[in-house]
Amino acid sequence: MRIVVAAVIERADRRLLIGQRKRNDTSPLKWEFPGGKVEPGEAPEQALARELREELAATLRKSVPIGRVVHKYDSTPEELEILFYAVEILESELAPRAFEQLVWVLPKELGGYDFLAANAQLVAQLATGRIKPGELLESAGSAAPPTARDQSSGSGR
């Protein structure tokens, strides 16, 4: 089973960041939350910090686990275990390095985007307000940011 991490980033105005996969990627032009595969020997939180740096030029400030799903796509040989995190980042301006485009949407607008199938359950919970990433991060208190050693470079998704 392959482990994947995904970041649900919420701004102060309650909008969530979603990215559209590139047209030459697997599942072209589908929408997803930023993230990617956990590399061998890497903790999920380390992978999350690395993926945010690689995909968005963003620095992970704080993260809280908010969900987990196991999914098997017909086009892949193995099951994926996707770990979703509510994430706070330091930057307000992001670079869509790994995406066709990035957009900030209100939770109730998520249903209007063609998401990857593995994201469906989380999208529904966010859209209905059952999961509120900002509130979960707030209630988690202040967590120490990852150290420079934890943020060592790795390969992409």
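Below, each value reflects all heavy atoms present in this structure, side chains not excepted, and no hydrogens, waters or symmetry copies. In this chain, numbering begins with 1 at the start of the sequence shown.
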### Message
I'd like to know whether Ile18 forms a side-chain contact (heavy atoms from CB on, under 4.5 Å) with Phe99, so could you lay out the CA-CA distance, the side-chain angles of the two residues, the decisive distance to 0.1 Å, and finally the verdict.
### Response
CA-CA 10 Å; Ile18 59 174; Phe99 296 101; over 6 Å; no
### Task
With side-chain contact (heavy atoms from CB on, under 4.5 Å) as the test, would you mind laying out the steps for Leu110 and Val105 before giving the verdict?
CA-CA 7 Å; Leu110 290 171; Val105 298; 3.5 Å; yes
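Side-chain contact between Leu94 and Leu102 is present, with at least one heavy-atom pair separated by less than 4.5 Å. The shortest side-chain heavy-atom distance between Pro133 and Leu16 falls under the 4.5 Å cut-off. Side-chain contact check for Glu39 versus Arg50: some heavy-atom pair is nearer than 4.5 Å. Taking the side chain as every heavy atom from C-beta outward, Leu52 and Pro34 approach each other to under 4.5 Å.
Among residues two or more places apart in sequence or in another chain, the side-chain contact (heavy atoms from CB on, under 4.5 Å) test is passed with Ala95 by Ala57, Arg97. With sequence neighbours excluded, the residues that form a side-chain hydrogen bond (donor to acceptor under 3.5 Å, both in side chains) with Thr128 are Arg130. With sequence neighbours excluded, no residue forms a side-chain hydrogen bond (donor to acceptor under 3.5 Å, both in side chains) with Glu135. In this structure Gln101 satisfies the side-chain hydrogen bond (donor to acceptor under 3.5 Å, both in side chains) test together with Gln20, sequence neighbours excluded.
In this structure, Lys62 NZ and Leu137 CG are separated by 5.5 Å, a value rounded to the nearest 0.5 Å. With rounding to the nearest 0.5 Å, the separation of CD in Glu51 from CG in Leu60 is 12.0 Å. Within the model, atoms CD of Glu100 and CG of Asp25 stand 10.0 Å from one another, a figure rounded to the nearest 0.5 Å. One finds the OG atom of Ser63 at 12.5 Å from the CD1 atom of Ile89 (value rounded to the nearest 0.5 Å). Considering CD1 of Ile3 and CZ of Arg68, their distance stands at 9.0 Å, rounded to 0.5 Å. To the nearest 0.5 angstrom, Leu122 atom CG is 5.0 Å from Phe33 atom CZ.
Here side chain to side chain donor-acceptor pair (under 3.5 Å) pairs that include residues 103-112, with residues two or more places apart or in two chains, number zero. Residue pairs that meet the side chain to side chain donor-acceptor pair (under 3.5 Å) test with at least one member in residues 9-19, sequence neighbours left out, are Glu10-Arg14, Arg11-Asp13. Applying the ring-ring contact (aromatic ring centres under 6.0 Å, His included) test to pairs two or more places apart or on separate chains, those with a residue in residues 73-96 are His71-Tyr73. Among pairs with a residue in residues 110-119, those fulfilling side chain to side chain donor-acceptor pair (under 3.5 Å) read Lys30-Asp114, at least two apart in sequence or across chains.
Here the options are Val64, Ile66, Leu17, the test is side chain to side chain contact (heavy atoms under 4.5 Å, CB included), and the partner is Val8; only Ile66 passes.
A donor-acceptor contact under 3.5 angstrom links the side chains of Thr59 and Glu91, judged on distance only.
Salt bridge Glu81/Arg2: absent, no basic N to carboxylate O contact under 4.0 Å.
Under the 4.5 angstrom side-chain criterion for Ile, Leu, Val, Met, Phe, Trp and Tyr, the cluster partners of Met1 are Val70.
Between Ala47 and Lys37, the shortest heavy-atom distance links the atoms CB-O, 4.3 Å. Minimum interatomic distance between Ala6 and Ile82 (heavy atoms only, all atoms of both residues): CB-CG2, 4.4 Å.
Shown here is Glu93, whose CD atom has no more than 12 heavy atoms of other residues, nucleotides or ligands within 6.0 Å.
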